[in-house]
Amino acid sequence: MHNGKAFLSWRTYLSRFPIARRQLQRLSLPRVSTTSFAAIMLRMAVSSFLLSPPVAAVQNPHAQQLIQVKANAPTTNKTTNKKTEPAEPLVAPPGSDVYVAQRGDSIPSVARKYLKRTKYLTSADLAEAIRDANHNRQGVFLKSGEQIVIPGILESPIVEKSVPVASNFEVRAIYLTGVMAGSEHGERIIRHWREVGGNAVVFDIKDSDGIVNIAFDHPLATGQRHYISDLPKLIHFLHSQNMHAIARIAIFRDEHLVTSHPELAVKSRRTGEPWRENGKLVWTDPSNLKVQDYDIALAKFVAQSGVDEVQFDYVRFPAEGDQKDAAFTYQTAQESQINTKQPCHPERSEEPALSLPKGPMHSPESKRTSQGIPSADSATNSASCKDITAPSAKQMQRSDVIANFLDRAYAQIHPTGVLLSLDVFGVMAWQRPVDLAHTGQDIVAMSKHCDVLSPMIYPSHFFGMDGIAHPGDAPEHFIGESMDRFKLITKNSNVVIRPWLQAFAWRTKTYSPQYVEVQIEVAKQKGGIGFLFWNANNDYSKPYAAMPEMQEAKNKGRYFRGDEIGAKPESTPTPTPAAATVAPVRGNNAIVETGDSAHPAQKIWRH
């Protein structure tokens, strides 16, 4: 007989174990014998031994290694009942690397991770190369532990050198923003432009927003977005396409710099605070040496990175806004000298934006004299100033500041072997004193400190000029007139005139491939060498269509010579414009005024 109470206590204990619980459920208390009880205990012991992890394995510090060995051990395929050996480690071919995918990896993400270490320009190019190097690997996502070959690994970063060309090399270029130049779309644009006959690209290093698109180590270059992640690699790609690389830098219009360093901005005479052009804080002081040195340093860095040409834009003073309220460093120095050493104030006929100093000469008569209107005693006043102060040189003007800056810049950039080109207002060909006084762009002086001048002669921007109501629809007139004038102004220099032409439909109803052809043909006939197309959105559908038509023209020299890198350019005679072809300025703008009321119908634009 068995003891019922003892069995109940054992039953309660055994019910904690699943196997024992099932056995007990099949047993009733009256039928349990000592033999049955012993059998249950035996089964429980065997089950605990088989199912419970060994204590030694948990406490063994080498347990992780043991598990790893099991993971790498051959596994059995349940379907075929055959053992499967683990994948052999891939051996990277020369110039390649092997990457073991992690959870969540994809081919595009791995391409972005490796891009800087490879020869490829964009991550899309590298992703395509990864697929090709891995047996045309399909799909996007990678399996954890999957091994893939990464091709095109560089032993060291690309170091690119400039490809020298003569200043009269015929450039056929389009413009790209920094964002576009460093993108897959930009690469497609470059390839397409090359296919249709282009041989050069202008791309932004720093636009007027002041953002630097490359990595550049300088204390003032705090606003950086590395849209061009590897400048030498981009230049190398352009050179591989047999293209001329032109790096554009906006100089004195630098919104980020004046925002982060207000002490470098143009100052307001009324408030002493940074001056604003029509409410916008965008202009640095062109006469501030810190600003000049920063831009020259950036240009030198870009030149040493392998570009073939550095292009300066916004190399001028602000042309709009309250000019009388704008104060510049060079004026402050001059006024200080005048106040301390000169008891009278010589007239400054070229600089109408300056406010007149206070004193006995601040009268209506003296104001008329300062604006170039003779007065009865002007000769006497002038003589007395000369007798008292005996100034040895004229007072510095805005044009002198620009010329001096370019002299410094050219002296440092030219020895690197790259060309220096300057963007200038198209209206400067008319040589109106008010435009010169505001912008400081003296074409004669500037042509002495550069290799190429690129006037922005977009027909649509000449509103109010020459009595033409819709200048955008008169490309023949304004391209021809501008080129005649620029050639005449620069006839005593060796500078090349390479114009910016219009590749957008603003203020014209006739923009088309034929519109493009007319501009190119007239510019060449008037002595231009090459051309640059501007479209802020980088849409060049019309030039794409026009280029093949011009190349297939019977008279192949009608539009352009067709210069290519490494080939000797053809020498074609260019007509020299006669002075008689330059018409005087007509319309309301013929009256030159000074101050804020100057040329109300003529607004100066950049692009």
- Message: Classify the ring geometry of His218 against Phe216: parallel below 30°, tilted from 30° to 60°, perpendicular beyond 60°.
- Response: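 Rings of His218 and Phe216: parallel, as their planes differ by under 30°.
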- Query: Mind checking whether Phe169 and His244 have parallel, tilted or perpendicular rings, split at 30° and 60°?
  - Reply: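 The arrangement is tilted - the two ring planes meet at 30° to 60°.
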- Message: Please enumerate all residues that pass side-chain hydrogen bond (donor to acceptor under 3.5 Å, both in side chains) together with Ser240, with sequence neighbours excluded.
- Response: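 Ser240 satisfies side-chain hydrogen bond (donor to acceptor under 3.5 Å, both in side chains) with no other residue.
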Check whether the ring centres of [X] and [Y] lie less than 6.0 Å apart, and answer yes or no.
X: Trp430; Y: Phe486; answer: no
X: Phe328; Y: Phe317; answer: yes
X: Tyr175; Y: Phe203; answer: no

- Query: Just by distance, with hydrogens left out, do Gln502 and Ser460 show a side-chain donor and acceptor under 3.5 Å apart?
  - Reply: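 Yes - a donor-acceptor pair under 3.5 Å links their side chains.
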Looking at [atom1] of [X] and [atom2] of [Y], how far apart are the two atoms once the value is rounded to the nearest 0.5 Å?
X: Tyr458; Y: Phe533; atom1: OH; atom2: CZ; value: 10.5 Å
X: Asp473; Y: Arg507; atom1: CG; atom2: CZ; value: 11.5 Å
X: Glu160; Y: Leu238; atom1: CD; atom2: CG; value: 9.5 Å
X: Ile246; Y: Leu532; atom1: CD1; atom2: CG; value: 6.0 Å

- Give the C-alpha distance, both sets of side-chain angles, the deciding distance and a yes or no for side chain to side chain donor-acceptor pair (under 3.5 Å) between Asp254 and Thr284. CA-CA 6 Å; Asp254 191 321; Thr284 62; over 6 Å; no
- Given Asp442 and Arg398, is the salt bridge (charged side-chain N to carboxylate O under 4.0 Å, His left out) satisfied, shown in steps? CA-CA 9 Å; Asp442 182 342; Arg398 294 188 186 189; over 6 Å; no
- Item | Stepwise salt bridge (charged side-chain N to carboxylate O under 4.0 Å, His left out) check, Arg188 with Glu195 | CA-CA 10 Å; Arg188 291 197 298 268; Glu195 289 170 0; over 6 Å; no
- Item | Arg172 to Phe560, cation-pi by 6.0 Å centre distance and 45° axis angle |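 Yes - Arg172 lies over the ring of Phe560, closer than 6.0 Å to its centre and within 45° of its axis.
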Donor-acceptor contacts under 3.5 Å from residues 123-132 side chains, at least two apart:
residue : atom : partner : partner atom : Å
Asp125  : OD2  : Thr122  : OG1          : 3.2
Arg131  : NH1  : Arg137  : O            : 3.2
Arg131  : NH1  : Gly139  : O            : 2.6
Arg131  : NH2  : Gly139  : O            : 3.4

- Mind checking whether Val495 and Asp451 have side chains closer than 4.5 Å, heavy atoms only?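 Val495 vs Asp451: side chains apart.
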